[in-house]
There are 2 protein chains.
Amino acid sequence: MDLFHALSDEGNRLSALETKLARFALENVDFVVNSSIVELAEKAGVSPPTVTRFCRRLGCQGYSDFKVQLAKLAYVGMRYLTPEAPTATAEEVAQDIVSKAQNALFELHRQLDLAAIEKAAQLLRGADFIQAFGASGNSAMIVNELHNRLFRLGCRMNASNDHNMNLMISASVQPGTVVFGSSFTGRDMGLVHCLELMRQRGIPIVVITQHGSPVAATADVVIGIDLPEGKNIFRPTSTRYAFLAAIDILANMVAYADRNTSLKALRSIKEELVRNRDGDDRQLLGD
Amino acid sequence: MDLFHALSDEGNRLSALETKLARFALENVDFVVNSSIVELAEKAGVSPPTVTRFCRRLGCQGYSDFKVQLAKLAYVGMRYLTPEAPTATAEEVAQDIVSKAQNALFELHRQLDLAAIEKAAQLLRGADFIQAFGASGNSAMIVNELHNRLFRLGCRMNASNDHNMNLMISASVQPGTVVFGSSFTGRDMGLVHCLELMRQRGIPIVVITQHGSPVAATADVVIGIDLPEGKNIFRPTSTRYAFLAAIDILANMVAYADRNTSLKALRSIKEELVRNRDGDDRQLLGD
DNA sequence: GCTCAAGTGAAATTCATTTTCATGAAGTGA
DNA sequence: TCACTTCATGAAAATGAATTTCACTTGAGC
């Protein structure tokens, strides 16, 4: 059961008053989870029985169950609806950044096209060599992170963040390569150009970017991520968390696509790390 | 009100049966949020009034309120208690990675020492130059990310991921520098060595690492993050999300510590980006 | 203009939660 | 050892909240 989707009423299955209730609930999550059915009915301008029917129609057992389900949603996923204040204290900043990051993850989970992830994982696992492109800070972090994840699994890979370099790399690409591109905006035209060169050379293209963007248009497999951007110029984009999680999921699927190779590579890394450190075997594979 | 801590009963303020209830609730969150007070009482072997009193003692209004609070916790923060299964389908992997990342953020928010963040922000904002050290993939990403955040705010900064380089940099450091070190394990002895060189030269040291670790011991300001590590060797550590959020919060506080300088630098970046792209002004500051 | 289906709220009913009160256990001081 | 107090607990009563029933309204379709 998916309360969030039910409340959005995509199928238009709710009546007029029920739609009103849905909107009210989404805009007043905190009020609703702390109110009785009578209070909610009064505030929303309907009768208690209407509320009960509303809850049932959304797939809940009754009003209490609805509140519980709503509370589960409340911590993450609902915060986009509250306006962004120019917060100033460390506490507010921390609260805001953490909840926005959690939202981004929540939304990613909702949107993520798992079939695309699987196709991408198959392509990457099957590649003789993976060339990743991503520039301008955010995407640079993402492709470097992908490199950090995949070399451990025994993949041969390079991540490059420099457009001129990318151009030369694209022009000299060898068959058997798979290219991976990242762009948060989807409008990195330098990247588009490189990907087109790759395409002309018959290289399979995987991208992580916004749906329907120029970057997406060049690709064989699109891992699409569309998140709203906050207005606070001082705040790093929370979309990075979603991209990072997508990379983690992708890397995990690449690992599972050939467990033996992955395991062997990881074990070798661990052995060397333990040998070169203090012999403590609980530590991370990489600091 | 903090249900999680109340349930852990650190102050030993709960009676025998209430302790039993607390343990039962933590171990059966899903059952509890879907049961009536009578069902819970029966299953836990107490009477309904005891449950009501228990809820009140935890700071809730009553049983329904308790369920709602528990449900809020249930989505994040409680998942560590469920054993990690060697999941295999893309759906399971996605679910697991996203919820672990959300947990990490949740825990970070709980643990984060905001006073340390503020002190660190003041130090960094006041520095003539910031030198960041972090190696081995994860910490490398973190310090590169810090660089990506801070240069935009007009901070002069370098991030270095190479131990030999770090050694030379440390040996030749100039007064006015502030050094920032990142280590997930806190046992990066190469980093400890560099930080000690810095300390001998009177350079203020900020670190993000585990409490009580060798790296933490070298520092003036410790941003401590202690998270449990999962057992699945194929899965990237979720601790990265917590570190990343800490960096975002820190960067935001640095920005607020001198809004004018930050704003001027950010505006300049935006202008140049818009001029060099398609004139679309909605885009991110960096792809 | 009639019929039927769907939507809605008032009142009655049911059910869940809380309060009251009595009991017993554990500790305290004479 | 014996009152005495305090606290924890559950049975039963009382309260209060949620749901069902039923009657009324509205609007679409014939």
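Here is how names work: the chains are called A, B, and so on, in the same order as the sequence lines, proteins then strands, and each is numbered from 1. These numbers were taken from a predicted model, which means no experiment stands behind them.
Within the 3.5 Å criterion, the main-chain N or O of A:L244 finds no donor-acceptor partner in the side chain of A:E145. Within the 3.5 Å criterion, the main-chain N or O of B:I225 finds no donor-acceptor partner in the side chain of B:Q111. Remark: side-chain polar atoms of A:Y241 are paired, donor with acceptor, to backbone N or O of B:A245 under 3.5 angstrom. No donor-acceptor distance shorter than 3.5 angstrom exists from the side chain of B:D65 to the backbone of B:C60, with no hydrogens or angles considered. A:D96 places no side-chain N or O within 3.5 Å of a backbone atom of A:E92 that could act as its donor or acceptor partner. No side-chain donor-acceptor contact under 3.5 Å links B:K43 to the backbone of B:V32.
B:D65 places its CG atom 10 Å from the P atom of C:dT18, with the value rounded to the nearest Å. Note: OH (B:Y63) to P (D:dA18) measures 14 Å, nearest angstrom. In this structure, B:E42 atom CD and C:dA16 atom P are separated by 12 Å, rounded to whole Å. One atom, CG of A:L21, and another, P of C:dT8, lie 9 Å apart when rounded to the nearest Å. Rounded to a whole Å, the CD atom of B:Q61 is 10 Å from the P atom of C:dT18. Between the NZ atom of B:K67 and the P atom of D:dA17 there is a distance of 15 Å, given to the nearest Å. Rounded to whole Å, atom P of C:dA16 lies 14 Å from atom CG of B:N34.
More than 12 heavy atoms of other residues, nucleotides or ligands sit less than 6.0 Å from atom CD of A:E39.
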Under 3.5 Å, N/O pairs linking protein and nucleotides 24-29 of chain D:
none

Could you list the protein-to-nucleotides 5-7 of chain C atom pairs, N/O on both sides, closer than 3.5 Å?
none

Could you list the protein-to-nucleotides 21-27 of chain C atom pairs, N/O on both sides, closer than 3.5 Å?
none

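Closest of all the heavy-atom pairs between B:A41 and B:S47 is CB-C, 3.7 Å.
In the set D:dA18, C:dT18, D:dT20, D:dA18 carries the atom at the smallest distance from any side-chain atom of A:I37. With distances taken from any side-chain atom of A:R56 to the nucleotides C:dA16, D:dG10, D:dT19, the minimum falls on D:dT19.
Under the 4.5 Å side-chain criterion, counting only non-hydrogen atoms from C-beta, A:F184 is in contact with A:R240. Counting only heavy atoms from C-beta outward, the side chains of A:K20 and A:L17 approach each other to under 4.5 Å.
Judged by the 6.0 Å and 45° rule, B:R56 forms no cation-pi pair with B:F54.
Both A:G62 and B:S47 lie close to DNA chain D; mapped to their nearest nucleotides by heavy-atom distance, the more 5′-ward contact belongs to B:S47.
OP1 or OP2 of C:dG9 sits under 4.0 Å from a side-chain N or O of A:T50.
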